[in-house]
Undergrad: 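Before we start, here is the structure in question, set down as structure tokens.
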Amino acid sequence: MTVINFLEAERFFGSENPQSLVEAFGSPLYVYNERILRTCCSAMQSITSYPNFKVNYSVKANANPALLRIIREEGLLADAMSPGEIDVLERAGYQPEEIFFIPNNVSDDELLFALDRGITISLDSLDQLERLGRLAPGANVALRVNPGIGAGHHEKVITAGKKTKFGINADQLNEARSILANHHLTVIGLNQHIGSLFMEPEPFINAARVFFELALSFPDLRFVDLGGGFGIPYQKQSGESRLDLLALNQMLTPLIESFVKDYGQPVQIKTEPGRYIVAECGVLLGTVQANKNNGETAYVGTDLGFNVLARPMLYDSWHDIVPYRRGEPLKTGDLTPQTIVGNICETGDVLAKNRALPQLQHDDILAVLDAGAYGFVMSSNYNNRLRPAEVLIRQDGSASLIRRRETFDDLVRGCLDV
Ligand code: LLP
């Protein structure tokens with residue numbers, strides 16, 4: 001697939017450039033590229049040659065309806081974690097049968113929200129299974145199983161193994177079976193998710209092997225969902241390689257085929273990627289506002305606080321940064337270490353520490369790469385800052401506003417006594 005190494009080579013900004021976009025739509029600004037989004041959708045659909053395979057897009061990574069419509073056009077189903085995610089999927093045209101609800105610790109009302117729509121629900125604890133059984137005896141359900149093998153870029157995003165709240169452990173499955181029998185529930189699907197961001201196929205394959213073994217003991221399965229977590233290279237500028245989807249396919253396809261043969265009935269295989277689909281089609285633009293050197297650190301002050309992109313603050317995540325001056329990539333001069341900070345009242349408001357970049361100055365624009373996943377969705381109004389606008393670069397190179405920048409009215413929306 002296309003490797004998104006250099007923004008300028010890829011014509012990421014279409015007929016615009018960072019300067020013209022910021023002038024037209026303001027800063028900071030999330031910019032998405034439709035062509036790259038479509039490329040990532042089709043790449044994910046190639047991870048197995050098993051024909052009865054579907055990709056569920058995990059809407060938590062980016063919930064902009066304009067992107068969801070494109071993802072649906074590319075043939076992806078979706079999974080949702082909350083009623084709000086179900087709602088936005090419906091607004092973007094998703095039908096109930098195209099949505100899989102994988103909640104965690106939800107209320108009766110939230111379960112009923114999905115049940116009323118006929119959306120398949122996965123339960124991830126015995127307690128929630130019991131609750132669903134009482135609300136909807138006789139229903140078809142899915143179970144989220146913890147395969148005992150986790151993976152991820154940070155301990156906070158590893159979602160299988162012992163140190164996580166997620167999933168029903170293999171040794172709890174007998175108890176699950178008696179709850180199922182008591183309420184006449186039928187397990188039509190099993191799902192797992194080992195965690196977010198692995199760059200080698202092995203953890204995914206090993207967990208799938210364990211999972212398929214467990215699946216053999218459920219006789220009525222229509223689907224088995226292997227989870228998401230497929231990583232993207234955040235350090236492209238240092239030559240980080242991509243997750244090898246071909247190698248993944250070569251390991252995964254025989255594993256699926258042997259499971260389906262042992263299972264003896266047709267069964268759909270699914271995955272649920274979020275990051276892989278949307279991370280690389282998104283760039284966050286921001287503006288340099290001030291320089292300061294305290295003798296130890298050269299600070300570059302920007303409007304890119306952790307209210308706009310939370311990942312570096314939360315997980316020490318790395319995002320490559322490309323600086324622009326007057327619309328052109330800034331390549332001149334020696335590289336010097338600069339610490340890029342935002343405008344939020346916390347010392348931890350750091351986007352990048354001691355990053356080697358050409359000397360930045362007022363009004364330079366920074367393009368923060370691979371910001372399409374867990375970017376806007378995790379942005380906030382902290383310090384009463386407005387959440388940014390979002391713009392889509394269409395395949396013809398034109399730019400459309402797909403979410404307007406917030407206004408001060410948005411900051412008090414819902415408040416009484418204003
Ligand atoms: N399925 C389930 C049940 C999940 O919990 C997640 C992500 C996914 C699928 C999609 O995982 P992905 O393919 O995107 O790795 N905010 C963090 C990532 C949190 C992931 C949460 N769960 C980050 O910015 O790295």
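Everything numeric here is computed off the predicted structure, so don't read it as measured data. Order of appearance sets the numbers: ligands from 1, and atoms from 1 within every ligand.
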Undergrad: Report the part of His154 (side chain from C-beta onward, or backbone N, CA, C, O) that has a heavy atom under 4.0 Å from ligand 1; answer both or neither where that applies.
TA: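 Near ligand 1, His154 shows nothing, with every heavy atom at 4.0 Å or more.
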Undergrad: Which bit of Ser196 gets closer than 4.0 Å to ligand 1, counting heavy atoms only: side chain, backbone, both or neither?
TA: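 Under 4.0 Å from ligand 1, Ser196 contributes backbone and side-chain atoms.
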Undergrad: What I want to know is whether Ile102 and ligand 1 share at least one N or O pair that is separated by under 3.5 angstrom.
TA: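 Ile102 vs ligand 1: no N/O contact under 3.5 Å.
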Undergrad: Heavy-atom contacts under 4.0 Å between Arg275 and ligand 1: side chain, backbone, both, or neither?
TA: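 Near ligand 1, Arg275 shows its backbone as well as its side chain.
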Undergrad: Report the part of Tyr315 in contact with ligand 1, treating N, CA, C, O as backbone and CB onward as side chain, heavy atoms under 4.0 Å; options are side chain, backbone, both, neither.
TA: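 Under 4.0 Å from ligand 1, Tyr315 contributes side-chain atoms alone.
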Undergrad: For Ser317 versus His153, what's the shortest heavy-atom pair and its separation?
TA: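 Nearest pair, atom of Ser317 first, then His153: OG-CE1, 4.1 Å.
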Undergrad: For ligand 1, which part of Arg311 has a heavy atom less than 4.0 Å away: the side chain, the backbone, both, or neither?
TA: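 Answer for Arg311: side chain.
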Undergrad: Is Arg394 close enough and on-axis enough to Tyr32, meaning under 6.0 Å and within 45°, for cation-pi?
TA: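 No, Arg394 and Tyr32 do not form such a contact.
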Undergrad: Could you identify the single nearest non-hydrogen protein atom to atom 2 (C) of ligand 1 and state the distance to 0.1 Å?
TA: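 Closest protein heavy atom to atom 2 (C) of ligand 1: Glu272 OE2, 3.3 Å.
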Undergrad: Grab the two heavy atoms, one from Pro18 and one from Ile365, that are nearest each other, plus how far apart they are.
TA: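 Pro18 and Ile365 have their closest heavy atoms at O-CD1, 3.7 Å.
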Undergrad: Please state which option from Gly195, Ala61, Ser58, Gly229 has its nearest heavy atom closest to atom 13 (O) of ligand 1.
TA: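 Residue with the shortest heavy-atom distance to the ligand atom: Gly229.
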Undergrad: Ser49: what forms a side chain to side chain donor-acceptor pair (under 3.5 Å) with it, not counting sequence neighbours?
TA: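 Residues passing side chain to side chain donor-acceptor pair (under 3.5 Å) with Ser49: Asn249.
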Undergrad: Starting from atom 14 (O) of ligand 1, what is the nearest protein heavy atom, named by residue and atom, and what distance separates them?
TA: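 Checking every protein heavy atom, the shortest distance to atom 14 (O) of ligand 1 gives Tyr374 OH, 2.6 Å.
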Undergrad: Measure the acute angle between the ring planes of Tyr382 and Phe306, then classify it against the limits of 30° and 60° as parallel, tilted or perpendicular.
TA: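 It falls in the tilted class, 30° to 60°.
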Undergrad: Compute the centroid of each ring, for Phe204 and then for Phe230, and state whether the two points are separated by less than 6.0 Å.
TA: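 Between Phe204 and Phe230, the centre distance is under 6.0 Å.
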Undergrad: Under 4.0 Å from ligand 1, counting heavy atoms only, is it the side chain of Met378, its backbone, both or neither?
TA: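 Contact part for Met378 vs ligand 1: side chain (C-beta onward).
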Undergrad: Going by side chain to side chain donor-acceptor pair (under 3.5 Å), name the residues that satisfy it together with Arg209, two or more places apart in sequence or in a different chain.
TA: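 In terms of side chain to side chain donor-acceptor pair (under 3.5 Å), with neighbours along the sequence ignored, Arg209 is linked to Asn206.
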Undergrad: Nearest protein heavy-atom contact for atom 6 (C) of ligand 1: which residue, which atom, what distance?
TA: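 The closest one turns out to be His193 NE2, 3.2 Å.
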